[in-house]
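First listed ligand is number 1; within each ligand, the first listed atom is number 1. Because the structure is predicted, anything quoted here is derived from the model rather than measured.
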Amino acid sequence: MKAFRSLRILISISRTATAPGCKPHLPHTFLRRFYSAQPKLDGDGPIGDSVFDSSQYSIPGTQEKQKQPNWDKGYRERVQRELFPEDKGKSKSPEEEESVDRSRILAKALLEAALESADDELGEGEVREEDQKSLYVGIIGPPNAGKSSLTNFMVGTKVAAASRKTNTTTHEVLGVLTKGDTQVCFFDTPGLMLKKSGYGYKDIKARVQNAWTSVDLFDVLIVMFDVHRHLTCPDSRVVRLITYMGEEANPKQKRILCMNKVDLVEKKKDLLKVAEEFQNLPAYERYFMISGLKGSGVKDLSQYLMDQAVKKPWEEHPFTMSEEVMKNISLEVVRERLLDHVHQEVPYGVEHRLVDWREQRDGSLRIEQHLITPKLSQRKILVGKGGAKIGRIGIEANEELRRIMNRKVHLILKVLLK
Ligand SMILES: Nc1nc2c(ncn2[C@@H]2O[C@H](COP(=O)(O)OP(=O)(O)OP(=O)(O)O)[C@@H](O)[C@H]2O)c(=O)[nH]1
């Protein structure tokens, strides 16, 4: 990774070095752009002072900071004199000096890249592709069986599950669990039920038919049902689904039967009755009695799944976040910037609302937040002179959100009076 970074630096340096007459990037220009949040004068022109709209600003961040030499120039000159006495006395023009400096930066970066040890290349939480293990788990079951709740519980709050990100046309990623070198992706299999004859409702939609075909592609298939409901008010379609999936083993897929919502079953021996009812189905390798909501039995199930993972590069970013979590993060990021830039008491009186969250066609995210203040004086402080304060907050928040969410973010902040 570091080597890659060095390479990027090298490329940018060598580009600058080869462009004749190219002036070094001036730090004060960079600072002014970063901190004064000047609206772009092209496009639609500046907008009202109390509104920050990231599309009206040129957001820094894509510019690489010019790397400066970090060795002592005095020592270098001494070495130069000792090693290359013929150069002694020759004075260089500022342009020549600059070009020599750039070559030295280039050389030093090359050296750093070459000296990089393999162990240094991985950051925290990163696993080499060749060491990564993966498992695709499909969860099938009637509506309300508890598929999402179980995934949420397994994935946990840290990485916040239930991403509704569409992965294929027929399946949605419910959540991603990444632990050590192993990643387990949970997929929903929407709409898969059986009609009376025992086969899928082929006529509903081609989508559902595709879903049936691709169900076999998961490494593990969890067939889940609400055991409490089964005991109190059994549904023949659910029994057919369980039987159909359990009748014939698929050599390429492990199937497990999960009796969910055990916490609602008062007499635990009733659970054994249900287990007996389905025990002669050869395709089920294991039976689990769980409560996806309360967590009982989920640890065993998670461990079982982790053990099934095979060497295969991860497909998903290890920290897939749910939309709910991302929304909260977006509020937190702006709030943090508010606290950084505005006098401590002011932000506490501000009502902070997320009013719009939308994926746009180009893949970017439009986030609109309102900062509602009860007093005109507070509003003035928040907006700043000519919108400088809200602009600064907006630019910094936008940049951080872009990094966290790994995509373009169109942030709009409006300062309103109650
Ligand atoms: N008591 C209890 N309730 C549960 C359990 N698991 C899920 N539930 C509840 O059952 C309801 C349905 O849960 P979901 O996780 O949304 O079910 P689902 O299978 O994803 O539902 P669909 O999205 O309609 O397919 C929710 O109200 C959950 O709180 C459990 O183990 N115990």
Query raised in the report: Is E400 salt-bridged to R337, cutoff N-O under 4.0 Å?
Result: yes

**Report entry** ligand 1 N/O within reach of P143 N/O, cut-off under 3.5 Å
**Finding:** no

Query raised in the report: side chain to side chain donor-acceptor pair (under 3.5 Å) with H230: which residues, sequence neighbours excluded?
Result: E277

Query raised in the report: Does the pair K311/E129 count as a salt bridge with the N-to-O cut at 4.0 Å?
Result: no

Requested in this report: Nearest heavy atom to atom 4 (C) of ligand 1 wins, so pick from K261, K294, M224.
Outcome: K261

**Report entry** G141 to ligand 1, any heavy atom closer than 4.0 Å
**Finding:** no

Requested in this report: Flag the pair L264 / T232 as yes when at least one side-chain heavy-atom distance between them is below 4.5 Å, and no otherwise.
Outcome: no

Report task. Output the list of atoms in ligand 1 that are nearer than 4.0 Å to some heavy atom of S291, sorted by atom number. Result -> 30 (C), 31 (O), 32 (N)

Query - Proximal atoms of ligand 1 relative to D263 (non-hydrogen, under 4.0 Å) - result: 1 (N), 2 (C), 30 (C), 31 (O), 32 (N)

Query raised in the report: For ligand 1, does L293 get within less than 4.0 Å through its side chain, its backbone, both, or neither, judged by non-hydrogen atoms?
Result: both

Query raised in the report: For ligand 1, which atoms sit closer than 4.0 Å to a heavy atom of L264?
Result: 1 (N)

Report summary line: Going by the 4.0 angstrom heavy-atom rule, the piece of N144 near ligand 1 is both

Query raised in the report: Which bit of I290 gets closer than 4.0 Å to ligand 1, counting heavy atoms only: side chain, backbone, both or neither?
Result: neither

Query raised in the report: So, R255 and Q253: side-chain donor and acceptor under 3.5 Å apart, yes or no?
Result: yes

Query raised in the report: Between L150 and ligand 1, does any nitrogen or oxygen pair lie at a separation below 3.5 Å?
Result: no

Requested in this report: List for me each residue that meets side chain to side chain donor-acceptor pair (under 3.5 Å) alongside Y304, sequence neighbours excluded, and say none if there are none.
Outcome: E285

Query raised in the report: Does a salt bridge link D219 with K312, judged by any charged N lying under 4.0 Å from a carboxylate O?
Result: yes

